[in-house]
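I have placed the structure first, in the form of structure tokens, so that the comments after it can refer back to it.
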Amino acid sequence: MSLPTAAPADSLRASSLPYPNGWFCLAFSSEVRPGTVTTRPLAGAEVVLYRTSKGVLRAVRPQCPHLGAHLGVGGSVEGEDIVCPFHRFAFDPAGVCVRTAYDQPPPKASLTQYPVCEANGSVYVWRHALGLPPQWEVPAFPMDDRQPFSHNTFDIAGHPQDVMENAFDWGHLPALHGLTGLDIGGNPVAGEQTSTVTATARGTMVRGFNQSYTLTVIGLASIAARTVLPAGLGTMYVMLHATPTGPGRIQLRFGTKLELSDIPRVPGAVGRRVTMPTARLLSSVLQRVGSMDTGADLLMWHYQEHVEHPKLAKGDGPIGRYRQWAQQFYTDPVDDLVPPRPRRTGVSSEE
């Protein structure tokens, strides 16, 4: 198949959407192992992720406060400290400088730390345009943390709001993905940072039966899909993360994990020993299958221009309501929309 000759969206025009606020995934958990240092882009800047020998996860500004060396370029983890490669200044998990290479008392210096959390096999870092602390928490699903996601990362043109809109763009499911027998529902609720869509369809990643799944949209950052397999076989999780890296650019992280309850016709201790290795193998296979399906969306996002005032049609899904809901994740309103009013509590009324 020939490659498109069209230009990526960000090469022709500036993005009309600013960076949103919220939690954004910078890695899957398995990518940040104890003792490792990793640099990831976020909203026009960089973040250094590291995990201490005891497993403490931290996210910091890359520059050492001593003379500005980049901690992600030659920096190392020694026990519970991250060590700058330039003059070997060491900083503890609280970010405080605890020693230097000079055998002298360390200066009063600290790293700039970012709020970081780990949920659903993913590492999230909080970003807010005004530097405000976290306003909400990432919901955690009952996953088995012993089993990692099979995953891929794609660097493409796009914006997180347009990626999350996929959960409410129901018209593209039969048109682009060929899903049939679609029964779908769910609307964003003003004032809530997550939104849920439930659906049943044929032609999904797991072929041959009507697949029911639940999508949880987490801010303007992630879509978590959960599918309960038939006959009590287990659960499949799919995570889709859209992280803003620069103007009109995102890193799209896509991961699949199959958690098996047991393997049919393999009884007792043998079944328990082979269940997780089998699940990991099948997760890898399903990730490849899902990547081909998600590839169709990637192609759309890479060349898509955000339309501020779309000409919506019957059958699109609740895109307008979604865009109103999305306003809460910006410091200033976008697309001439007014941020939604918080949901009323304690009073029931007909609307």
Side-chain angles (χ1 to χ4, degrees), residues 22-42 46-60 62 71-72 75-77 79-82 93 113-127 134 136-155 160 163 193-194 215-227 234-245 250-260 275-288 290-291 294:
W23 291 102
F24 295 97
C25 176
L26 298 194
F28 282 97
S29 295
S30 59
E31 297 180 87
V32 189
R33 300 182 305 277
T36 61
V37 179
T38 304
T39 304
R40 292 292 159 87
L42 175 63
E46 287 185 322
V47 176
V48 165
L49 300 173
Y50 70 96
R51 200 187 295 271
T52 72
S53 297
K54 292 182 179 179
V56 177
L57 178 67
R58 288 292 181 262
V60 299
L71 296 170
S76 60
V77 174
E80 299 305 290
D81 304 330
I82 185 170
Q113 294 190 316
Y114 299 116
V116 61
C117 74
E118 201 162 10
N120 312 315
S122 307
V123 173
Y124 287 87
V125 171
W126 174 263
R127 182 264 173 199
W136 48 280
E137 296 181 355
V138 177
F141 303 102
M143 297 182 186
D144 186 346
D145 291 335
R146 296 173 301 170
Q147 182 180 335
F149 276 86
S150 295
H151 58 84
N152 298 98
T153 299
F154 306 91
D155 188 345
V163 175
Q193 289 78 34
T194 61
L215 301 179
T216 302
V217 181
I218 305 171
L220 296 186
S222 303
I223 298 176
R226 180 177 181 267
T227 301
T235 305
M236 182 175 70
Y237 294 99
V238 175
M239 298 297 299
L240 183 69
H241 302 294
T243 301
T245 56
I250 57 175
Q251 281 192 340
L252 201 291
R253 293 183 171 83
F254 173 65
T256 304
K257 176 162 71 166
L258 180 64
E259 295 184 357
L260 293 176
T275 294
M276 187 165 290
T278 302
R280 290 184 178 181
L281 175 62
L282 292 176
S283 296
S284 178
V285 173
L286 289 170
Q287 172 68 9
R288 293 193 187 97
S291 292
T294 303

Contact summary for [X] and [Y], nearest pair of heavy atoms:
X      : Y      : result
Trp136 : Gly22  : CZ2-CA, 4.2 Å
Leu258 : Ala279 : O-CB, 3.2 Å
Pro160 : Ile250 : CD-CG2, 3.6 Å
Ser29  : Val123 : CA-CG2, 4.1 Å
Ala224 : Phe141 : CB-CE1, 3.6 Å
Ile218 : Pro139 : CG2-CD, 3.9 Å

Worksheet item: Does atom CD of Gln113 have more than 12 heavy-atom neighbours, drawn from other residues, nucleotides or ligands, at distances under 6.0 Å?
Response: yes
Checking the side chain of [X] only, and the main-chain atoms of [Y] only, is there a donor and an acceptor separated by less than 3.5 Å?
X      : Y      : answer
Ser283 : Lys257 : no
Asn120 : Ser122 : no
Gln147 : Met276 : no

Is there side-chain contact between [X] and [Y], with heavy atoms separated by less than 4.5 Å?
X      : Y      : value
Val238 : Phe254 : yes
Pro148 : Phe28  : no
Met239 : Arg253 : no
Tyr114 : Leu42  : no
Arg127 : Val47  : no
Tyr237 : Pro142 : yes
Arg51  : Val77  : no
Val163 : Leu240 : yes

Worksheet, complete the sentence: Checking Gln251, Glu31, Arg40, His241 against Leu26 for side-chain contact (heavy atoms from CB on, under 4.5 Å), the one that qualifies is Arg40
How long is the span from the [atom1] atom in [X] to the [atom2] atom in [Y], to the nearest 0.5 Å?
X      : Y      : atom1 : atom2 : answer
Leu286 : Ser150 : CG    : OG    : 9.0 Å
Glu259 : Thr235 : CD    : OG1   : 6.5 Å
Thr194 : Glu137 : OG1   : CD    : 12.0 Å
Gln193 : Leu220 : CD    : CG    : 11.0 Å
Ser30  : Asp145 : OG    : CG    : 11.5 Å
Trp23  : Thr243 : CH2   : OG1   : 13.0 Å

Practice prompt. Determine, step by step, whether Tyr50 and Leu71 satisfy the side-chain contact (heavy atoms from CB on, under 4.5 Å) criterion, reporting the C-alpha distance in whole Å, the side-chain angles of both residues, the deciding distance to 0.1 Å, and the verdict.
Written response: CA-CA 10 Å; Tyr50 70 96; Leu71 296 170; over 6 Å; no
Item to complete: Take Thr294 and Asn152 through the side-chain contact (heavy atoms from CB on, under 4.5 Å) test and state the conclusion after the steps.
Response: CA-CA 11 Å; Thr294 303; Asn152 298 98; over 6 Å; no
